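The structure appears right after this line, and notes come after that.
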Amino acid sequence: MTIRVLLADDQKLIRSGFRVLVNSAPGLEVVAEAANGQEAIELARSERADVILMDIRMPGLDGLAATRLITDDESLAGVKVLILTTFEIDEYVFEAIRSGASGFLGKGAEPEELINAIHTVARGDALLSPKALRGLMDRFLTQPEVGSQTAPAELDVLTDREREIVGLVALGLSNDEIADRLVLSPLTAKTHVNRAMMKLDARDRAQLVVIAYRTGLVKAGVQPLQ
């Protein structure tokens with residue numbers, strides 16, 4: 001099945017470069033281009049886009065506001081947003097994930113990284129570049145509740161195994177890596193991740209990271225609380 005990609009960036013030259021790159025990859029097709037957030041929303045509906053490559057800074061409605069409106073729209077529930085920007089700093093990462101983006105990647109990424117990122121978010125997984133993930137961690141470490149020795153009631157809906165797995169997701173482990181760490185099958189690990197997302201009303205793995213740090217379930221450099 002071809003993944004339908006929408007490009008949203010106010011610079012035509014950048015869109016042209018991305019169009020050539022995306023269209024050259026098997027299984028991907030650019031179906032439309034938007035110069036601002038409002039156009040991105042309208043084209044996501046009319047062109048039935050699967051993934052939107054969304055710039056943050058655009059005139060009028062910016063990428064973060066557009067992402068929020070797209071992810072809040074039930075008619076666009078299947079659309080995934082991959083934030084692609086030159087401004088890979090923690091404030092933008094935090095707001096992008098809060099807005100419902102499924103991924104965040106710097107424009108300096110290698111072509112192969114971008115293609116892989118599109119496939120990643122299209123299949124329902126989340127993606128944060130290492131730099132973006134570090135920024136997200138650093139931001140939550142500054143919050144006073146992070147690092148508390150008991151997780152809040154919000155996590156009571158999880159089983160012990162699910163809490164452990166959410167902690168490992170927050171430490172950046174993939175399903176396969178979690179499976180290896182806990183001696184599980186990758187399918188079982190994925191099932192636990194999906195159940196945790198459902199129970200915590202998290203859109204994807206990126207929001208599990210947010211919840212893990214906000215609740216103090218994990219801290220950078222340490223194992224998740226048991």
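Just so you know, these numbers come straight off a predicted model, no measurement behind them.
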Run the numbers on Asn23 and Leu28 for side-chain contact (heavy atoms from CB on, under 4.5 Å), then give the verdict.
CA-CA 6 Å; Asn23 282 340; Leu28 302 182; over 6 Å; no
Going by atom types alone, do Thr188 and Ser185 pair a side-chain donor with an acceptor below 3.5 Å?
yes
Are Ile115 and Val31 in one and the same hydrophobic cluster, where Ile, Leu, Val, Met, Phe, Trp and Tyr link if side-chain heavy atoms are under 4.5 Å apart?
no
Test Arg195 against Glu162 for salt bridge (Lys or Arg N to Asp or Glu O under 4.0 Å), laying out the working first.
CA-CA 8 Å; Arg195 286 176 178 169; Glu162 288 165 351; 5.2 Å; no
Among Ile3, Val51, Val5, the one residue meeting side-chain contact (heavy atoms from CB on, under 4.5 Å) with Val22
Val5
Got a second to check how far Lys12's NZ is from Arg19's CZ, nearest 0.5 Å?
10.0 Å
Is the shortest heavy-atom distance from the side chain of Leu200 to the side chain of Val157 under 4.5 Å?
yes
Could you tell me whether the side chain of Asp176 and the main chain of Pro186 form a donor-acceptor pair under 3.5 Å?
no
Within this structure, what is the CZ-CZ distance for the pair Arg4 and Arg48, rounded to the nearest 0.5 Å?
4.5 Å
Hydrophobic cluster membership, Ile83 vs Leu76, 4.5 Å side-chain cutoff
yes
Under the criterion side-chain contact (heavy atoms from CB on, under 4.5 Å), I'd like the reasoning laid out for Leu84 against Phe104: C-alpha separation, chi angles, the key distance, then a yes or no.
CA-CA 6 Å; Leu84 198 62; Phe104 191 103; over 6 Å; no
May I ask you to test the Asp10-Asp55 pair for a side-chain heavy-atom distance under 4.5 Å?
yes
Could you tell me the separation between the CZ atom of Arg68 and the CG atom of Leu61, rounded to the nearest 0.5 Å?
9.5 Å
To the nearest 0.5 Å, what is the distance between CG (Leu64) and CE (Met58)?
9.0 Å
Can you give me the closest heavy-atom contact between Glu33 and Glu39, atom names plus distance?
O-OE1, 4.4 Å
For Ile118 against Leu53, the heavy-atom pair lying closest together:
CG1-CD2, 4.0 Å
For a quick test of reading the model, state the closest non-hydrogen atom pair linking Val193 to Ile165 and the distance between them.
CG2-CG2, 3.5 Å
For residues Asn175 and Ala189, report the shortest heavy-atom separation together with the two atoms involved.
O-CB, 3.7 Å
Where is the tightest heavy-atom contact between Ala32 and Leu6, given as atom of each residue plus distance?
O-CD1, 3.3 Å
Steps toward salt bridge (Lys or Arg N to Asp or Glu O under 4.0 Å) verdict (Arg45, Asp73)
CA-CA 10 Å; Arg45 294 192 180 104; Asp73 188 336; 2.7 Å; yes
Does Thr215 reach the side chain of Arg163, with side-chain heavy atoms less than 4.5 Å apart?
no
Tell me whether Leu82 shares a hydrophobic cluster with Ile14, the cluster being built from Ile, Leu, Val, Met, Phe, Trp, Tyr side chains joined at under 4.5 Å.
yes
With a 4.0 Å cut-off, would you call Lys107 and Asp9 a salt bridge?
yes
Atom of Pro111, atom of Leu21 and distance for their closest heavy-atom approach:
CB-CD1, 3.6 Å
